[in-house]
Peer 1: 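First the structure, which I've put down as structure tokens, then a few questions once you've had a look.
Any value given below was found using the heavy atoms of this structure, including those in side chains, with hydrogens, waters and symmetry copies removed.
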There are 2 protein chains.
Amino acid sequence: MAADSSSRNSKRVTITDVARHAGVSTAAVSKVMRNAYGVSPAMQERVRTAMTELGYRPHAAARGMRGRTYTIGVLLDNLRNAFFADVLDGIHEELEDSEYTVLIGAAGFGADEQARTIRSMVDRQMDGLVLIAPGTPRAEVLSTAEVTPTVVIGHHDVSEVHDSVVDADDVGAGLVVDHLVSLGHRDIALVSAAGSRTARWQRTPEIALADGYLRAMERHGLAGHARVHHAAYSDEGGHAAGLALLSGGRRPTAILTGADVAALGIYRAADELGMSIPDDVSLVGYNNTAIASLAPVQLTSVDQAGRTMGATAARMLIERVEGRRDRSMRTTMTPRLVVRRSTGAPGVP
Amino acid sequence: MAADSSSRNSKRVTITDVARHAGVSTAAVSKVMRNAYGVSPAMQERVRTAMTELGYRPHAAARGMRGRTYTIGVLLDNLRNAFFADVLDGIHEELEDSEYTVLIGAAGFGADEQARTIRSMVDRQMDGLVLIAPGTPRAEVLSTAEVTPTVVIGHHDVSEVHDSVVDADDVGAGLVVDHLVSLGHRDIALVSAAGSRTARWQRTPEIALADGYLRAMERHGLAGHARVHHAAYSDEGGHAAGLALLSGGRRPTAILTGADVAALGIYRAADELGMSIPDDVSLVGYNNTAIASLAPVQLTSVDQAGRTMGATAARMLIERVEGRRDRSMRTTMTPRLVVRRSTGAPGVP
DNA sequence: GTTCGGATGGAGAACGTTCTACACGCCCCT
DNA sequence: AGGGGCGTGTAGAACGTTCTCCATCCGAAC
């Protein structure tokens with residue numbers, strides 16, 4: 001009896017049980033659940049007590065066959081970028097008092113794997129999707145958005161079919177360059193992800209960042225000193241970029257990166273080369289994730305208010321899911337520079 | 001026509017469409033999909049080409065009504081503990097060539113919220129669940145496991161209804177104490193999470209850790225010096241614990257924590273108190289997450305092989321889901337100490 | 001006292017699968 | 001020739017909801 005694995009089929013309480021127990025029709029119970037129109041207070045009461053008495057929980061898969069599943073899917077590429085945790089916090093915060101459940105698909109960096117994950121979320125009849133800087137081709141996202149309400153976080157491309165939440169990455173890059181220039185730096189390099197051109201996104205966060213960086217350098221008359229190096233947003237990516245930049249000939253005195261985690265890879269490279277931060281080279285991250293503020297790290301970074309972005313995305317998504325809005329929209333956040341100990345005046349060469 | 005939101009109802013390709021297109025019954029198509037018994041190679045061929053020609057994708061919710069959903073749910077408390085990312089990597093690795101999709105529920109630390117998340121995974125008819133150190137009452141987990149195959153990671157309690165994957169945390173604590181004693185430390189404190197007794201788990205990872213710590217201290221004749229301080233496994237939790245321990249009277253010369261992230265909070269506290277690591281106090285983390293190896297951090301830590309734990313859990317789970325095993329089992333991993341720069345000989349007082 | 005109309009509840013058909021039963025044809029064995 | 005078995009395919013009933021009608025009731029207006 002104890003570990004009876006056939007008890008897997010022990011009956012669930014269904015809507016029919018509730019209906020019978022309350023002495024009403026299943027249709028009535030369904031109406032109460034969805035608090036649809038045409039239910040008397042007495043009926044409400046009766047059904048609700050029946051539901052709690054039986055411990056009824058609706059069968060999400062069955063609901064998905066006709067109506068909603070009350071599930072929101074979030075796509076992200078990897079769990080190690082703490083910025084995503086901030087965004088997720090915002091999403092949860094916004095949705096915690098609703099009846100929606102948030103499920104996360106961590107798809108990795110590959111476009112194919114991400115596409116597969118998106119598709120399986122659609123196939124599971126999720127009511128809405130939040131895609132954080134998807135690496136899949138734009139067309140794929142657009143066709144998804146036509147079927148399921150979708151909010152894209154990160155990419156600046158606007159679309160009629162999905163909503164967007166972005167950070168003014170170009171402004172953020174400008175803030176950093178201004179800060180570094182005011183400290184006396186001139187040789188400022190940017191390390192960012194290679195914006196996947198093939199995916200047909202016109203303005204990924206990386207592209208916006210590079211734009212802002214180049215314009216700021218120009219503004220300070222430093223266009224000739226500008227240098228962009230591509231690297232994956234991971235510790236390894238940053239490490240490789242750091243080695244390349246810091247052991248090369250014309251060595252930058254300051255490096256700006258598109259992600260904190262990559263900045264830490266550069267930190268490691270500098271360490272290996274016997275250089276110290278910020279004495280030999282200044283370092284700036286992006287996203288102001290929790291690691292940036294850690295005591296031994298103290299990384300100057302750009303805050304994107306990930307939590308707010310997540311909450312906003314969730315709110316916009318629910319509006320769409322519940323049909324309260326049918327026009328697409330985009331929200332733009334303003335970044336803020338957080339200065340810590342990883343930046344300082346350039347050392348005398 | 002462009003952003004026609006009513007095209008949301010544009011017909012999906014269903015099994016019926018495939019059947020008609022291939023000139024067979026829907027039952028036959030279903031069999032092919034599940035590669036069930038009783039299908040000729042010719043039928044296979046015919047149906048498969050029909051499926052690709054139409055671009056058919058099975059409707060997961062509908063499948064969930066009768067059979068599998070091919071979905072595995074993973075519960076974790078927060079996304080910021082990088083150890084979970086390792087576990088997830090292992091799970092994905094094991095499942096990437098299968099047709100299962102992994103969906104993550106990030107439920108936060110609250111027992112209620114975790115319970116809600118577990119329930120919604122069950123309600124979504126997920127085929128199997130991986131629960132990483134759940135904070136919900138044990139009874140809740142047991143009743144879930146009776147309905148859905150479940151693997152619990154972390155808790156040492158064995159059960160007939162679910163499988164387990166654990167790390168020998170007591171051994172890990174012993175390794176750390178040995179290491180610290182060999183460096184000359186005697187006042188070694190442990191900072192761990194408060195094992196939630198109310199939840200009725202007999203051996204949470206925290207309890208096992210504390211056990212191992214106390215036994216090791218005894219073994220070295222240092223039972224009198226043992227001290228356990230409780231704190232949440234977060235930066236803030238570690239910070240508070242660090243302040244309490246390091247500004248108190250009998251100050252430890254070394255601190256062992258149950259999570260890297262908490263160790264970094266202690267780091268911050270030490271920093272604020274003007275103490276340096278490892279000169280004034282040695283610090284050891286747990287899990288050997290990516291942050292431990294970061295250049296500016298270099299935290300001595302205990303490696304739990306999270307990736308392997310995840311892969312093992314996934315393999316065990318699928319065995320259960322597919323009915324290839326009906327007895328519960330437990331896998332135990334052996335931890336390994338990774339010495340970095342955060343530990344050293346105690347300073348002369 | 002009819003008729004109308006709004007408010008409420010219910011019947012029953014979807015929804016897209018899986019799964020149980022069974023039918024059919026074929027071969028092999030008595 | 002008759003039967004038994006196996007291999008292959010199909011019919012049709014679930015599964016637990018939602019949703020579209022439709023029926024009924026009750027009060028108000030004529």
Side-chain angles (χ1 to χ4, degrees), chain A residues 8-47 50-51 54 56-71 99 120 122-125 127 147 322-323, chain B residues 8-47 50-51 54-71 99 120 122-125 127 147 321-323:
Chain A
R8 182 145 165 46
N9 297 327
S10 64
K11 294 269 176 298
R12 255 189 100 94
V13 178
T14 74
I15 198 175
T16 315
D17 300 327
V18 175
R20 187 164 30 228
H21 190 257
V24 299
S25 72
T26 62
V29 178
S30 176
K31 281 188 185 177
V32 170
M33 278 200 293
R34 296 171 287 125
N35 33 36
Y37 175 82
V39 189
S40 67
M43 174 65 91
Q44 274 274 351
E45 173 67 10
R46 221 157 53 154
V47 171
M51 290 200 300
L54 296 182
Y56 169 71
R57 280 154 48 191
H59 188 295
R63 299 184 102 172
M65 295 234 39
R66 304 239 47 188
R68 307 246 188 87
T69 60
Y70 297 92
T71 310
E99 39 193 345
S120 57
V122 172
D123 294 345
R124 266 146 259 264
Q125 296 294 106
D127 297 334
V147 177
E322 302 188 339
Chain B
R8 181 145 167 42
N9 297 326
S10 63
K11 294 270 176 299
R12 258 189 97 96
V13 178
T14 74
I15 198 175
T16 317
D17 300 326
V18 175
R20 187 165 31 229
H21 190 256
V24 300
S25 72
T26 61
V29 178
S30 176
K31 278 190 184 178
V32 170
M33 278 200 293
R34 296 172 287 124
N35 36 35
Y37 175 81
V39 188
S40 66
M43 174 66 92
Q44 273 274 352
E45 173 68 9
R46 224 160 47 157
V47 171
M51 290 201 300
L54 297 182
Y56 170 71
R57 281 154 47 190
H59 189 296
R63 299 184 102 172
M65 296 236 37
R66 303 242 42 188
R68 307 246 188 88
T69 60
Y70 297 92
T71 310
E99 38 193 345
S120 58
V122 172
D123 294 345
R124 275 158 191 73
Q125 294 294 108
D127 298 335
V147 176
V321 169
E322 302 189 338

Peer 1: Look at the side chain of M65(A) and decide which nucleotide, out of dT18(C), dT17(C), dC15(C), has an atom nearest to it.
Peer 2: dC15(C)
Peer 1: Could you state the CZ-C1' distance from R68(B) to dG16(C), rounded to the nearest angstrom?
Peer 2: 18 Å
Peer 1: Which residue, P41(B) or A27(B), contacts DNA chain D at a nucleotide closer to its 5' end, judged by nearest heavy atom?
Peer 2: P41(B)
Peer 1: Distance check, rounded to the nearest 0.5 Å: R20(A) atom CZ versus I15(A) atom CD1?
Peer 2: 12.0 Å
Peer 1: dT18(D) C1' sits how many Å from D127(A) CG, rounded?
Peer 2: 13 Å
Peer 1: Which of the following nucleotides, dT18(D), dC15(D), dT10(D), is nearest to the side chain of R66(A)?
Peer 2: dT18(D)
Peer 1: Atom CZ of R46(A) and atom C1' of dG10(C): how far apart are they, to the nearest Å?
Peer 2: 13 Å
Peer 1: How long is the line joining CZ of R20(A) and P of dG9(C), in whole Å?
Peer 2: 20 Å
Peer 1: For dT8(C), take OP1 and OP2 only and decide whether either is under 4.0 Å from a side-chain N or O of S40(A).
Peer 2: no
Peer 1: So, OP1 or OP2 of dT8(C): does either fall under 4.0 Å of a side-chain N or O from Y37(A)?
Peer 2: no
Peer 1: Can you tell me which nucleotide in dG10(C), dT10(D), dT17(C) comes closest to the side chain of H59(B)?
Peer 2: dT17(C)
Peer 1: Rounded to the nearest angstrom, tell me the gap between atom CG in D17(A) and atom P in dC15(D).
Peer 2: 11 Å
Peer 1: If you pin K31(A) and T14(A) to their nearest nucleotides in DNA chain D, which one's is more 5'?
Peer 2: T14(A)
Peer 1: Work out which heavy atom in V24(A) is nearest to a heavy atom in V29(A); give both atom names and the distance.
Peer 2: CG2-CG2, 3.9 Å
Peer 1: Measure the distance from CG on N35(B) to P on dT18(C) and round it to the nearest whole Å.
Peer 2: 11 Å
Peer 1: Any side-chain heavy-atom pair from R12(B) and R57(B) closer than 4.5 angstrom?
Peer 2: yes
Peer 1: Does a side-chain heavy-atom distance below 4.5 Å link R68(B) with R34(B)?
Peer 2: no
Peer 1: What integer distance in Å separates I15(B):CD1 from dT10(D):P?
Peer 2: 12 Å
Peer 1: Atom CZ in R63(A), atom CZ in R124(B): separation rounded to 0.5 Å?
Peer 2: 9.0 Å
Peer 1: Any side-chain N or O of S25(A) under 4.0 Å from OP1/OP2 of dG10(C)?
Peer 2: yes
Peer 1: Check the distance between dT17(D)'s C1' and Q125(B)'s CD and give it to me in whole angstrom.
Peer 2: 12 Å
Peer 1: Which residue lies toward the 5' end of DNA chain C, M43(A) or T26(A), if each is placed at its nearest nucleotide?
Peer 2: M43(A)
Peer 1: M33(A) has a side chain; which of dT17(C), dT17(D), dT10(D) sits nearest to it?
Peer 2: dT17(D)
